[in-house]
Amino acid sequence: MAKRELPPATLAVAQAVAAVLPDGDVVVGCSGGADSTALALGAAWAAGRRGTRATAVIVDHGLQPRSGEIARQAAARLGAHGVDARIVPVHVAPSGEGLEAAAREARLAALADRGLPVLLGHTLDDQAETVLLGLLRGSGTRSLAGMAEVRGPFVRPLLALRRAETEQACRDWGVDWWCDPMNDDDAFARVRARGLLSEVAARLGRDVAPALARTASLARADADALDAMADAVETGDLPESARIAALEGLPDALRWRVLHRWMARLGVAAEQGNVLAVDALLTRWRGQGASRCPAGPFGASAPTCASPGVRAATSRARLCHVDATDVSQDLEKVLFTSDQIQARIDEVASQIDADYEGRDILLVGVLNGAVMVMSDLQRAMRSHVEMDWMAVSSYGAGTQSSGVVRILKDLNADLEGRDVIVVEDIIDTGLTLSYLMSNLASRGPASLEIMTMFRKPDAAQMEVPVKYVGFEIPNEFVVGYGLDYAGRYRNLRDVGTLAKHVYS
Ligand SMILES: O=P(O)(O)OC[C@H]1O[C@H](OP(=O)(O)OP(=O)(O)O)[C@H](O)[C@@H]1O
Ligand SMILES: Nc1nc2[nH]cnc2c(=O)[nH]1
């Protein structure tokens, strides 16, 4: 048919297709409805003028009682108008995301199967509904961007045309179309959105669909630009602390995008609420505990979060880990991070190495609290060291010293003539060490000194001569890095105060 022979609506469809028609043959996805029927006829017209082929593919999902018959009728209608039409039956296997999504996936896969560009018949009205649905979900620019005109093999030539125009085009072409009863079923969100758009148009006295479609174009340009900028924020190869530092200076729009990608990769549900919670750990961290993020739709296959209810990590240092049982959410305030503790251990170890040059040292650890500092200190030292352990207890399951020190396990080593350093996690009242030091001094060591990771000067009741101190801390009950509350929290890497709810 020559261009001048086409009435206005059919010409609008045909020209819209011709404007974006790829070189070579194409497939047209056709449901038998007005939009895709008009698209198939327009594509056949435009391809014919170019000397290429447009083949309509009607996917039969087998989900409706008469689906096979509906598909055959659609093919016959197109065939009668000279359009090459094929029916492709697909098997829809329901997935975790519902039957509708599974059918859509199966349909697109079948359409793209031939490796040709695929034309789809979405109109401006579909776009407006998509934008409205995105808006109601409260999502960002990517959702408001609606459907792209070209994405992968899929091309949508009719996004600027109205549904009324495709129906008019079908009438002009003298072809019938199939009215899918699902298009009137209020059970579908899209159908309800369509109704809502009509109501809004009636209340405002103007058609709002074009404005929503314009919003989609503008949002798409913004989303594309921001996504490209987020892609360029390459933090993957940097150490964790540097990755976090790289993110801190970014504007919200970029930082949230990068966090969204991290979380999605970890299998965490990367909804905006979760992204903001993790972002707060990064930008407004005041020692708050973990953010609980449920597993995302792909969580089941993500090794780090196999079940729902996983938690994002508590501290900045562990921001991008996901951990099923993260006890650090019980911390109220972090006083020292793991990094700070390790750096201080290195300094103290060097000091001891220098002080004891050429001498073998016997480190006496006080169980249980000193296990962490003992093992880290030894590994940071260059000197020859041996270790031995004593077990004493003065705190039991509470937060106050009982004042009574009990030896639960004595040393194996003989201290006679040895250079001994007692290693402690904390000196609080000083009762434990003052008892222990007089006990050990009576065993005849050549020298006897103390190294403690933490000391509370304001809590001292007994003066103990401490040669090596990691950090002096305020008179608060702390946990982590070997320090317990009722046997728990020793495994925390950071040291901090406990949230009141844990012991009140
Ligand atoms: O200066 P003080 O007031 O005496 O407190 C210090 C002691 O308290 C802690 O031990 P705890 O009795 O809690 O046993 P643990 O090492 O098994 O945690 C810590 O490991 C010190 O040994
Ligand atoms: N966990 C813990 N044990 C202690 N023993 C003495 N002081 C403390 C403290 O502040 N925390």
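Just follow the structure's listing: the first ligand is 1, and inside any ligand the first atom is 1. All heavy atoms count here, side chains included; hydrogens, waters and symmetry mates do not.
- Under the 3.5 Å distance criterion, the side-chain polar atoms of Asp388 are matched with a main-chain donor or acceptor of Ala413.
- Using modelled atom types, one side-chain atom of Gln127 and one backbone atom of Met147 make a donor-acceptor pair closer than 3.5 Å.
- Leu144 pairs by the side-chain contact (heavy atoms from CB on, under 4.5 Å) definition with Val131, Leu135, Ala219, not counting sequence neighbours.
- Atom CZ of Arg359 sits in a crowded spot, with more than 12 heavy atoms from other residues, nucleotides or ligands closer than 6.0 Å.
- Geometrically, ligand 1 and Leu433 share no nitrogen or oxygen pair separated by less than 3.5 Å.
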Legend entry - Audit row: Asp353, Ser350, side chain to side chain donor-acceptor pair (under 3.5 Å) steps and yes/no: CA-CA 5 Å; Asp353 280 334; Ser350 303; 5.5 Å; no
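- Distances below 4.0 Å separate heavy atoms of Asp428 from the following atoms of ligand 2: 6 (C), 7 (N), 8 (C).
- In the vicinity of Ile427, heavy-atom distances shorter than 4.0 Å reach the ligand 1 atoms 1 (O).
- Each of the following atoms of ligand 1 lies closer than 4.0 Å to a heavy atom of Asp428: 1 (O), 2 (P), 3 (O), 5 (O).
- Each of the atoms 19 (C), 20 (O), 21 (C), 22 (O) of ligand 1 lies under 4.0 Å from some heavy atom of Glu424.
- Contact annotation: for Ile426 versus ligand 1, heavy atoms closer than 4.0 Å belong to both the backbone and the side chain.
- When the heavy-atom distances from atom 19 (C) of ligand 1 to Val422, Leu367, Asp425 are ranked, the shortest goes to Asp425.
- Checked against a 6.0 Å centroid threshold, the rings of Phe336 and Phe454 count as neighbours.
- Distances between N or O atoms of Lys456 and those of ligand 2 include at least one value under 3.5 Å.
- By the criterion of a heavy-atom distance under 4.0 Å, the side chain of Ile426, and not its backbone, is placed next to ligand 2.
- For ligand 1, one of its N or O atoms has an N or O atom of Gly430 under 3.5 Å away.
- Other residues, nucleotides and ligands contribute only 12 or fewer heavy atoms inside 6.0 Å of the CZ atom of Arg382.
- Contact atoms of ligand 1 toward Thr432: 2 (P), 4 (O), 5 (O), 6 (C), 7 (C), 22 (O) (distance under 4.0 Å to a heavy atom of the residue).
- Interface of Glu476 with ligand 2, defined as ligand atoms under 4.0 Å from a residue heavy atom, comprises 10 (O).
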Legend entry - Step-by-step side chain to side chain donor-acceptor pair (under 3.5 Å) determination, Asp346 to Gln342: CA-CA 6 Å; Asp346 285 346; Gln342 292 306 321; over 6 Å; no
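- In this view, Asn491 and Val327 satisfy the side-chain contact (heavy atoms from CB on, under 4.5 Å) rule, not counting sequence neighbours.
- The only option from Asp231, Asp252, Thr141 that meets the side-chain hydrogen bond (donor to acceptor under 3.5 Å, both in side chains) definition with Arg257 turns out to be Thr141.
- The distance from ligand 2 to the heavy atoms of Val478 drops below 4.0 Å at these ligand atoms: 1 (N), 2 (C), 9 (C), 10 (O), 11 (N).
- In the vicinity of Arg490, heavy-atom distances shorter than 4.0 Å reach the ligand 1 atoms 15 (P), 17 (O), 18 (O).
- Within ligand 1, the atoms closer than 4.0 Å to a non-hydrogen atom of Asp484 are 18 (O), numbered from 1 in the order shown.
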